[in-house]
There are 2 protein chains.
Amino acid sequence: MKEGPDIAQIGSLIGDPARANMLTALMGGKALTATELAAAGGITLQTASTHLAKLEAGSLLSQRKQGRHRYFTLADDGVGKLLESIMGFAAGRGHLRHQPGPKEPALRKARICYDHLAGDYGVRMLDSLVASGAIDAIGDGLAVTAKGEDRFQCIGIDLHGLKSSRRPLCRSCLDWSERRAHLAGSLGKALLSNFFDKGWARRTAESRSVIFSPEGERQFLQLFPVEA
Amino acid sequence: MKEGPDIAQIGSLIGDPARANMLTALMGGKALTATELAAAGGITLQTASTHLAKLEAGSLLSQRKQGRHRYFTLADDGVGKLLESIMGFAAGRGHLRHQPGPKEPALRKARICYDHLAGDYGVRMLDSLVASGAIDAIGDGLAVTAKGEDRFQCIGIDLHGLKSSRRPLCRSCLDWSERRAHLAGSLGKALLSNFFDKGWARRTAESRSVIFSPEGERQFLQLFPVEA
DNA sequence: TTCATACTTCGATCGTAACCGAAGCATGTC
DNA sequence: GACATGCTTCGGTTACGATCGAAGTATGAA
């Protein structure tokens, strides 16, 4: 009858619209203050405070105090992965938002999924990496090839540093807008950081969408071509 | 602010304890009647009926009428995968049930995860298949090798029939009790059916746990050895 | 010290949805 | 036909939790 882990608890944590909005906002990867999250959730600061306490107690969030601010982030990438998978599930069943806002197209084109690139461009990047033989793919599994090691070296990624971390190097993550996989894991994170560092793209202030500069877009499309 | 798919909706569907219990019961893979699900959820038949209607509207369940019974199942294996991943997440954070019932050990040893084998035995089976070279694994991805084709043929699995289905042949599924992957997909389903057909194991009436016969257990352990 | 900002806690309100009893429908059995 | 079983719908109660105003605490700035 009552078997296994308590899925109802985390279901109800995600099930409240205000909390869901706050979690979605945190999928942008940036640490946000309680005040910012209150705005994201469309609620007052007091209400947000209680919600945040609950989310933290449920170990979905972690916080760190800095001065008189309290910065919240998702507890780890496991939370991000869970949220994205629920999004993919919801999108697949047509449980979409009632109002597809004006930002929607930009979000579908390129956005942050916790700490890596998602959306059309995210999917394109992985496709291109697989097609060019830099990454091996079996089903949902991904691995960097010898060829890929050189390739990422050229781009300016320190693979050896990444390998020493406990986090998996490559991970596929189901993209809710494209319904296909994009690259997550520490390599996915490193690539996105690399684009930011090079000035090819920047994150927006209030959204998860990623904006490419004209030059950055040109470089990106050239670096990750797709065959016709 | 309000970006992407509506995760709150499905969160709240799973967030109700009664509904969560019913969904968990359906993870056993068997079609259950409204009355049985009411018992599983610990609620009356009337209440269960409204819950089931909501779950069906949310396309988590599908039903088919048969005589005066109404049989419910999970809508598809995507729902099963989602539930198992939430279970894995919850288990990893210690969101376990308060009372670890007496059935718990049996459940951890071998259970049904929607339609394939999970638990200690499920993980062992996949490990053994990978170690013997029947299945290739890259990260979370799985694929049957040429060697594996012969192997499954011997066991009595019609791989060609499975390949023609739209469902992926191999899929890894995170096991909540073992915290490691076991084999899902149509091959995972076929293997479990095979064990049932051979009389090696049987499902229990009221639980998701799978009971092996002494002889079946012997054969299973011999067929899927693990190196010392 | 005084004031402002960031956040939490308390207290009370309010709305929703979970719940069940009772009645209604449908299907099968006798 | 009469009756039993399986399930749904209706109506009314209840309880929980989301919400916010107001007051309280902590940190930083003037």
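So you know, we letter chains A, B, ... as the sequences are listed, proteins then strands, and number each from 1.
- One can place CG of A:Leu45 at 13 Å from C1' of D:dG21, the figure rounded to the nearest angstrom.
- By the 4.5 Å heavy-atom criterion applied to side chains, B:Arg171 and B:Leu142 are not counted as neighbours.
- Counting to the nearest Å, the C1' atom of D:dC16 and the CG atom of A:Asp16 are 13 Å from each other.
- Between the A:Glu36 side chain and the A:Thr33 main chain, a donor and an acceptor come within less than 3.5 Å of each other.
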Inset, instruction - Starting at the 5' end of nucleotides 23-30 of chain D, put B wherever the base has a protein heavy atom under 4.0 Å, S where only the sugar-phosphate does, and a dash everywhere else. - result: ---SBS--
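- Counting only distance, with no hydrogens or angles, the side chain of A:Asp16 and the backbone of A:Arg19 share a donor-acceptor pair below 3.5 Å.
- Counted by atom type alone, A:Arg111 and A:Ser177 present one or more donor-acceptor pairs between their side chains at under 3.5 Å.
- Between the C1' atom of C:dA26 and the CD atom of B:Gln63 lies a distance of 14 Å, rounded to the nearest Å.
- Checked against D:dA18, C:dC7, D:dC7, the side chain of A:Lys54 finds its nearest nucleotide in D:dA18.
- The shortest distance between the side-chain N/O atoms of A:Thr47 and the OP1/OP2 oxygens of D:dC20 is below 4.0 Å.
- A salt bridge links B:Asp76 to A:Arg93: at least one charged side-chain nitrogen sits closer than 4.0 Å to a carboxylate oxygen.
- For B:Arg19 and C:dA18, the shortest distance from a side-chain N or O to OP1 or OP2 is below 4.0 Å.
- Using modelled atom types and a 3.5 Å distance limit, the side chains of A:Thr44 and A:Gln46 yield a donor-acceptor pair.
- Under the 30°/60° scheme for interplanar angles, the aromatic rings of B:Phe212 and B:Tyr121 are found to be tilted.
- Of the side-chain N and O atoms in B:His69, none sit less than 4.0 angstrom from OP1 or OP2 of C:dA26.
- Within residues 30-37 of chain B, no residue has a heavy atom under 4.0 Å from DNA chain C.
- Spacing between atom CD1 of A:Ile14 and atom P of D:dA18 amounts to 14 Å, rounded to whole angstrom units.
- Salt bridge status for A:Arg218 with A:Glu215: present, with a side-chain N to carboxylate O gap under 4.0 Å.
- Following rounding to the nearest Å, A:Ile43 (CD1) and D:dG17 (C1') show an atom-to-atom distance of 13 Å.
- Note: CZ (B:Arg70) to P (D:dT5) measures 19 Å, nearest angstrom.
- As a whole-Å value, the separation of B:Arg64 CZ from D:dC7 P is 13 Å.
- Regarding contacts with the backbone of D:dT19, every side-chain N or O of A:Thr44 stays at 4.0 angstrom or more from both OP1 and OP2.
- Note: A:Met87 CE to A:Cys173 SG = 10.0 Å, rounded to the nearest 0.5 Å.
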